[in-house]
2 protein chains.
Amino acid sequence: MEIFEFIKKSPLFGGAEDLYVGLHAKQEVFEKGARILAAGDFCRRVGAMLEGGADVIREDANGDPVTVAHIGEGEMFAEAFAFAGVPLSVSVQASQRCAVLWLDAQSLLAEPRLAANALKIFARKNVFLTERIEHLSRRTLEAKVLSYLKSARRTAGTETFRVPFDRQGLADYLGCDRSALSAVLSKLKKKGVLDFHKNAFRIL
Amino acid sequence: MEIFEFIKKSPLFGGAEDLYVGLHAKQEVFEKGARILAAGDFCRRVGAMLEGGADVIREDANGDPVTVAHIGEGEMFAEAFAFAGVPLSVSVQASQRCAVLWLDAQSLLAEPRLAANALKIFARKNVFLTERIEHLSRRTLEAKVLSYLKSARRTAGTETFRVPFDRQGLADYLGCDRSALSAVLSKLKKKGVLDFHKNAFRIL
DNA sequence: TAAAATCCGTTGTAATTACAACGAAAATAG
DNA sequence: CTATTTTCGTTGTAATTACAACGGATTTTA
């Protein structure tokens with residue numbers, strides 16, 4: 001992906017190519033397996049994955065590394081840490097040879113339109129994260145599922161709605177086992193609370 | 001709380017009183033029980049609680065209202081919705097007679113220093129929320145607890161550290177039952193994985 | 001200081017869930 | 001079209017957790 005293609009597609013720039021000047025952007029190439037960012041680092045730059053991809057890695061309770069997310073082409077990363085000024089709690093490692101564009105957080109801030117875009121992006125993400133926490137905080141899986149589905153229905157605005165996850169994806173989102181999720185969905189269907197087919201749901 | 005006292009203490013203003021001019025701020029008083037904001041509303045203003053307090057209310061799976069948070073004196077609210085431009089998913093209701101200062105989001109955005117402060121606040125919150133999701137996503141309560149405690153230790157930077165919650169607070173944060181949390185903590189202590197006394201913990 | 005309220009660990013029980021394994025259905029690849 | 005892979009619901013079991021109840025300890029209030 002070219003720099004200008006990225007800028008065109010990135011919600012941070014909103015397609016405005018002229019905002020790119022004066023950002024002190026630097027491009028850097030990482031070989032497969034290379035450490036792009038390490039947990040504990042302070043990072044003052046926002047990363048943009050131009051080419052290739054990387055994994056976000058966190059230590060689990062045993063101290064073993066677990067991949068918690070993947071950064072694909074065209075995606076930004078480390079933005080929250082860069083703007084918050086707190087050390088990274090995760091590491092980022094190239095899952096293949098990749099090209100990263102680094103954008104200096106301070107310089108982004110200096111351009112009002114970019115700052116406004118960034119603010120909106122963060123605010124949106126905040127709302128999403130808070131919503132997910134709301135679902136995850138429920139005590140039982142059934143409550144988690146219903147909390148999520150009602151939220152999805154509200155977002156869709158229609159009685160019948162589709163969810164953007166397959167079963168495994170929904171299970172990951174809700175922090176549960178896939179088969180347990182399937183079982184709960186079936187139970188709700190049998191109880192007559194819910195109807196669904198594939199990713200299309202309807203709450204009765 | 002006076003307006004200027006709020007501005008002095010608010011991280012949004014960073015103590016800079018001069019930033020307050022031109023914000024089209026309005027003050028409004030609500031009687032106890034009055035609806036300050038309703039779920040579904042679009043809100044273009046950030047609320048600041050000058051006097052009194054309010055509850056954040058969400059509908060649970062049965063459609064019954066549940067208080068999910070409290071807004072105390074000096075706290076801001078609705079900021080994420082205002083900047084994101086998405087409808088509220090919660091309602092806000094005065095728990096007592098209260099005075100709210102409304103700050104127009106667009107006007108805040110127009111002052112670069114305020115925008116920068118807001119960005120930092122959102123970025124920080126983003127990191128916190130993501131971290132909490134990390135804990136909540138664990139499958140078992142033991143894993144949730146350890147995930148949280150390791151994170152707390154990392155933040156504290158010392159082997160023995162204190163957590164800013166009582167047991168009920170920690171249970172709420174981790175989305176579990178208080179007695180179940182106590183039981184898991186005791187089990188971990190007996191296993192020799194953990195030592196604690198009140199809010200002081202040490203991972204062995 | 002005494003009384004009241006809150007905090008916290010324990011116990012027992014019923015319900016829930018993780019986990020592994022399996023097979024049918026659907027999607028994808030060849 | 002057939003073979004392969006992926007997705008998803010089901011089942012059974014062991015482990016975990018919610019929930020209610022209780023009592024001791026600590027803290028707060030009067």
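Below, chain A is the first sequence line, B the second, and so on; all start at residue 1. Just so it is clear, the model here is predicted, and its values are computed rather than measured.
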Give the rounded distance in Å between these two atoms: [atom1] of [X] and [atom2] of [N].
X        : N      : atom1 : atom2 : result
B:Phe165 : C:dC8  : CZ    : C1'   : 17 Å
A:Asp172 : D:dT7  : CG    : P     : 12 Å
B:Asn199 : D:dA25 : CG    : C1'   : 15 Å

Contact list (N/O, under 3.5 angstrom) for nucleotides 9-16 of chain C vs protein:
| unit_1 | atom_1 | unit_2 | atom_2 | d |
| --- | --- | --- | --- | --- |
| C:dG9 | OP1 | B:Arg167 | NH2 | 3.1 |
| C:dG9 | OP2 | B:Arg167 | NE | 2.9 |
| C:dG9 | OP2 | B:Ser182 | OG | 2.5 |
| C:dG9 | N7 | B:Arg178 | NH1 | 3.1 |
| C:dG9 | O6 | B:Arg178 | NH2 | 3.1 |
| C:dT10 | OP2 | B:Ser186 | OG | 2.4 |

- Query: Is there a side-chain contact between B:Arg202 and B:Leu194 (heavy atoms, below 4.5 Å)?
  - Reply: no
- Under 4.0 Å between any heavy atoms, over every strand shown, what does B:Asp177 touch: base, sugar-phosphate, or nothing? Just pick one. base
- Can you check side-chain hydrogen bond (donor to acceptor under 3.5 Å, both in side chains) on B:Ser151 and B:Glu131, steps first, answer last? CA-CA 8 Å; B:Ser151 166; B:Glu131 199 124 330; 2.6 Å; yes
- Message: Parallel, tilted or perpendicular: which one describes the rings of A:Phe83 and A:Phe122, with boundaries at 30° and 60°?
- Response: perpendicular
- Message: Show every side-chain hydrogen bond (donor to acceptor under 3.5 Å, both in side chains) that has at least one partner inside residues 65-78 of chain A, sequence neighbours left out.
- Response: A:Asp55-A:His70
- Message: If you take the centroid of each ring, where Trp contributes its six-membered ring, are A:Phe201 and A:Phe196 closer together than 6.0 Å?
- Response: yes
- Query: Should the heavy atoms of other residues, nucleotides or ligands under 6.0 Å from CZ of A:Arg139 be counted, would the total exceed 12?
  - Reply: yes
